[in-house]
Chemist: 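Could you have a look at this structure, given as structure tokens, before my questions?
Note: hydrogens, waters and symmetry copies are ignored here, and every other heavy atom, side chains too, is used. Just so you know, ligand 1 is whichever comes first in the structure, and atom 1 is the first atom listed for that ligand. Just so it is clear, the structure is predicted and the values come from calculations on it, not from any experiment.
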Amino acid sequence: METLKIERIRGIKGEFTPPPDKSVTHRALILAAMADGLSLIHNPLISFDTETTMDVLRALGVAVLCEGDRLLKVLSGGYKTFKSSENLPLYCANSGTTARLIMGMLAPRGMYAVLDGDDSLRGRPMQRVITPLSKMGADLQSAGNICGGSMPVYIKPASMFPAGVKGDVPSAQVKSAVLLAGTQLDGITSYTERLKTRDHTEALMPLFGADININDLTVSVSGGYPLTAAALTVPGDISSAAFIIAAALIFDNSEITVRSVGINPTRSAFLEIIRKWGADISIDNMKSGAEPTADITVRSSFLTGGVIEKDLTQKAIDELPLLGMLGMFTQNGVEIRNAEELRFKECDRIAAIVNNLRELGADAQDSGNTFTVTPYNKKNIKSDAGLRSFGDHRISMINVLLAKRFGLNILSGDINYINVSFPGFLEQLSGLEVT
Ligand code: S3P
């Protein structure tokens, strides 16, 4: 396999605007498709994952037009006008968010549909969405048997009803599926979760006229009304910004300001955690709104490390492998607990990060729901380490950071996965490098 030699860099400096938020873009597209009229999505993320959602919506008869990469126009007659797709199945590629949210959106529509995905998505659990939607009368069947039910998933016409649903797994995608179905059903549907997950769906739904009520861990929607078109601006993606922030932390001579990044409290525990570890970080220009934003300045820092568990684990779910990698550069190492959900992402992210860090010569342990990484010893680092992406965009970006830190070869084919969430990552990082 072809490899790419990545040279060591001394640090990064300058200003950086992160790519727009992936989770928010998916939701904005789906809500706009469910709404009647012309919606405008400013600053959308255009990446493999969000293009997947656009293609699925187009297959259902919704017009999605990209005006450059700064504006998406979505024209729809509302959720009652979706057409049965002629090009079955609806292909969700690598995107779990597309698959699970579209299931919720389509389950009450009284139509047949099949959802499928790539090998990675076919290996991810879908029963977690099928079970709560079935409690609301949906007729969904999975043809795969990973974790009790996986892709492809068949949706059949069913007479659904509103219900009070309790979440078994902490998942914003499951919560969102229930709310997207509930808003189409006469009456009140509520979803109660055990741990607060990212709240973008319930934050955006009122912009489209949905009647949402939030009471601690319970979100209710009073449904049966049409949704109406809206205009919104997508904030910068904290999960992508985290890679640049982490780079500033682990390279000497670094100072970076990240502009207009989303700091939704259900998503931004990464900042809270690194600050607790001693990161030199300041947060300015805070702007409120359905999705609050701020500018974040971070400098090379001495990090203590520590334990991440419970709520913090959930609120930093997509940043945990990166925080694990940062453990190598801390004084005491890191221990990440209650991280079982990481096993069900684009790959088993605990196994992937532990494998790669060990391959590199660092000390990392995988023990069930917990993984630990201890501070690295320079003399153990292997310059010929074979880091692998496991087909996962976030693991691939971590490998790039490690390669730039130690000067390593990485697999050229692995770079492509980064386009799932952060097109232009390598170029942007290079533009910030101090040589
Ligand atoms: C997401 C929710 C999280 C997250 C994923 C995006 C979303 O997944 O890991 O990257 O947009 O709702 P879960 O819902 O499985 O926790």
Chemist: Under 4.0 Å, heavy-atom basis, I'd like to know which part of R27 is in contact with ligand 1: side chain, backbone, both or neither.
Modeler: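 Looking at R27 and ligand 1, just side chain atoms fall under 4.0 Å.
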Chemist: Quick one: which ligand 1 atoms are inside 4.0 Å of a heavy atom on T97?
Modeler: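 Ligand 1 atoms under the 4.0 Å threshold to T97: 6 (C), 7 (C), 11 (O).
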Chemist: Using a strict 4.0 Å threshold on nitrogen-to-oxygen distance, state whether D21 and R198 make a salt bridge.
Modeler: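 Looking at R198 together with D21, the answer is no, because their closest N to O distance does not fall below 4.0 Å.
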Chemist: Quick check on H26 - does any of its heavy atoms sit under 4.0 Å from an atom of ligand 1?
Modeler: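 H26: no contact with ligand 1 (<4.0 Å).
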Chemist: Any N or O of V174 that comes nearer than 3.5 Å to an N or O of ligand 1?
Modeler: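 So ligand 1 has no N or O lying under 3.5 Å from an N or O of V174.
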Chemist: Are the side chain of T50 and the backbone N or O of L45 linked by a donor-acceptor pair below 3.5 Å?
Modeler: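 Yes, the answer is positive, given that a donor and an acceptor are paired below the 3.5 Å cut-off.
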Chemist: Going by an N to O cut-off under 4.0 Å, is there a salt bridge joining R349 and D392?
Modeler: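 Judged by the 4.0 Å cut-off on N to carboxylate O distance, R349 and D392 do form a salt bridge.
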Chemist: What do you reckon, does Q173 have a nitrogen or oxygen under 3.5 Å from a nitrogen or oxygen of ligand 1?
Modeler: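 By distance alone, the answer is yes.
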Chemist: Take the angle between the ring planes of F243 and F425 and call it parallel below 30°, perpendicular above 60°, tilted in between.
Modeler: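 F243 and F425: perpendicular rings.
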Chemist: Of the listed options (E319, R198, K22, K175), which comes nearest to atom 2 (C) of ligand 1 when hydrogens are ignored and any heavy atom counts?
Modeler: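 Residue with the shortest heavy-atom distance to the ligand atom: R198.
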Chemist: How far is atom 14 (O) of ligand 1 from the closest protein heavy atom, and which atom is that?
Modeler: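 The closest heavy atom on the protein side is S171 OG, 2.7 Å.
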Chemist: Which of the listed options, T197, D318, L101, holds the heavy atom that is closest to atom 9 (O) of ligand 1?
Modeler: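 Nearest heavy atom to atom 9 (O) of ligand 1 lies in D318.
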Chemist: Do D118 and R124 meet the salt-bridge criterion of a basic N to acidic O distance under 4.0 Å?
Modeler: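 Looking at R124 and D118, the cut-off is not met.
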Chemist: With backbone taken as N, CA, C and O and side chain as the heavy atoms from C-beta onward, which portion of H200 lies under 4.0 Å from ligand 1: side chain, backbone, both, or neither?
Modeler: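 H200 to ligand 1: no contact under 4.0 Å from either part.
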Chemist: Report yes or no: is the cationic atom of R405 (NZ for Lys, CZ for Arg) under 6.0 Å from the centre of the six-membered ring of F329, at an angle within 45° of the ring normal?
Modeler: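 Geometry flag: not set, cation outside 6.0 Å or 45°.
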Chemist: Give a yes or no on whether a salt bridge exists between R122 and D116, defined as a side-chain N under 4.0 angstrom from a carboxylate O.
Modeler: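 Result for this pair is yes, salt bridge flagged.
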Chemist: Quick one: look up the protein heavy atom nearest atom 16 (O) of ligand 1 and list residue, atom name and how far away it is.
Modeler: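 Scanning the protein heavy atoms, the shortest distance from atom 16 (O) of ligand 1 goes to K345 NZ, 3.4 Å.
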